[in-house]
Amino acid sequence: MSDPVSALKGARHAGLVEVRETGLGGMITLRGDLDSDAIKSAVKSVTGADVPALRKIALGDAGAAAWMSPDELLLLVDYAEADAVVAKLDEALVGTHYMATNVSDARACFSVSGEAAREVMGKLAPVDFSAAKFGAGDFRRSRLAQVAAAFWMDDAGAFHIVCFRSVGQYMFDLLKVASHPQSAVGVY
Amino acid sequence: MLMLHCPFCDEYVEETELQAGGEAHLKRFGPGSSDDEFHDYLFTRENPKGVHFELWRHINGCGKWFIAARCTVTLEVFGTYPANCTEPPQWIKDKISEKRPGWTWREFAG
């Protein structure tokens, strides 16, 4: 069996911000009634996180849960554990209407950190990144230039981006161009 | 730039995050319907000057369908609501009546 590798094998770029491909991440799409006790306790048991509020990400001791739509969560777990977590969800949610799928290998993950992180993101997504509108723990599903992406901000002010693996190189190149040292705008 | 409120994400999202889905509140005529009904269902669309209802999908976001009530003359947006209904909810009708008294659109009126 070959070893799993991430989309860009941890590529890095330093410009206005530091762009990093963050390697393999375990990701599970969970769909169902997010208000139901069954989903709430299942999410709690596998990630340690509560079901997140609208456009938020909730962190737990074993992972995180992010709000994707009114009936969909993205669970972030350890890559090696993803299949085991899906099995655990299948067991916990038997008899309820739900879907849990391991999508880890369909995705690429990036981080954007540094003073100008808001500005670099703001060049690519049609989202208001001012501190009043987008802060730590906020999660948005949108687009970066021409491809769909989801992103959130952590407590240190860095952005984490999730996109399809097939557009991983495009995403890295985009972030590279947007963080060119001579392209500072100084909006945020 | 057109910005619409996604009722599912509770956020004003820009047009490039959305996909236009054409006229809203169409009644489907499928197998068993007459040729005329099927023809109208496929091809006959409103082209109003004034109040209009259109489907939008938050495709680069939650992926859900919603309906926007707009004015084709001023491009004013009266409001948006989830698409899982067969006619405009009363609150949006009231809101349109406030600004465009006596409006009608297909079989709906204020």
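A, B, ... follow the sequence lines: proteins, then strands. Residue 1 opens every chain.
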[X] atom [atom1]: more than 12 heavy-atom contacts under 6.0 Å:
X	atom1	value
B:Y12	OH	no
B:F38	CZ	no
A:F164	CZ	no
B:Q90	CD	yes
A:E115	CD	no
B:D94	CG	yes

Can you tell me if A:R55 uses its side chain to pair, donor with acceptor, with the backbone of B:D10 under 3.5 Å?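 Flag set: sc A:R55 to bb B:D10 pair under 3.5 Å.
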
Verify the cluster assignment for A:Y79 and A:V77: are they in a single hydrophobic cluster under the rule of side-chain heavy atoms below 4.5 Å apart?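 Each belongs to a different hydrophobic cluster.
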
Looking only at non-hydrogen atoms, find the nearest pair between [X] and [Y] and report the distance.
X	Y	result
B:C9	A:L54	O-CD2, 3.6 Å
A:P70	B:C62	CD-CB, 4.2 Å
B:F8	A:W67	O-CH2, 3.6 Å

Sort out for me which of A:S142, A:A150, A:P126 touches chain B most, counting heavy-atom pairs under 4.5 Å.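 Greatest number of close heavy-atom pairs with chain B: A:S142.
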
Among B:M1, B:E15, B:E17, residue most engaged with chain A (heavy-atom pairs, under 4.5 Å): B:E17

Is B:E11 paired with A:R141 through a side-chain N to carboxylate O contact shorter than 4.0 Å?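 So A:R141 does not pair with B:E11 through a salt bridge.
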
Electrostatic pair A:E72:B:K64 at N-O distance under 4.0 angstrom: no

For A:V127 and B:E14, what are the C-alpha separation, side-chain angles and deciding distance, and is it a side-chain contact (heavy atoms from CB on, under 4.5 Å)? CA-CA 8 Å; A:V127 172; B:E14 199 224 349; over 6 Å; no

Pair B:N60-A:Q146, side-chain contact (heavy atoms from CB on, under 4.5 Å): steps then yes or no: CA-CA 10 Å; B:N60 276 324; A:Q146 298 189 33; over 6 Å; no

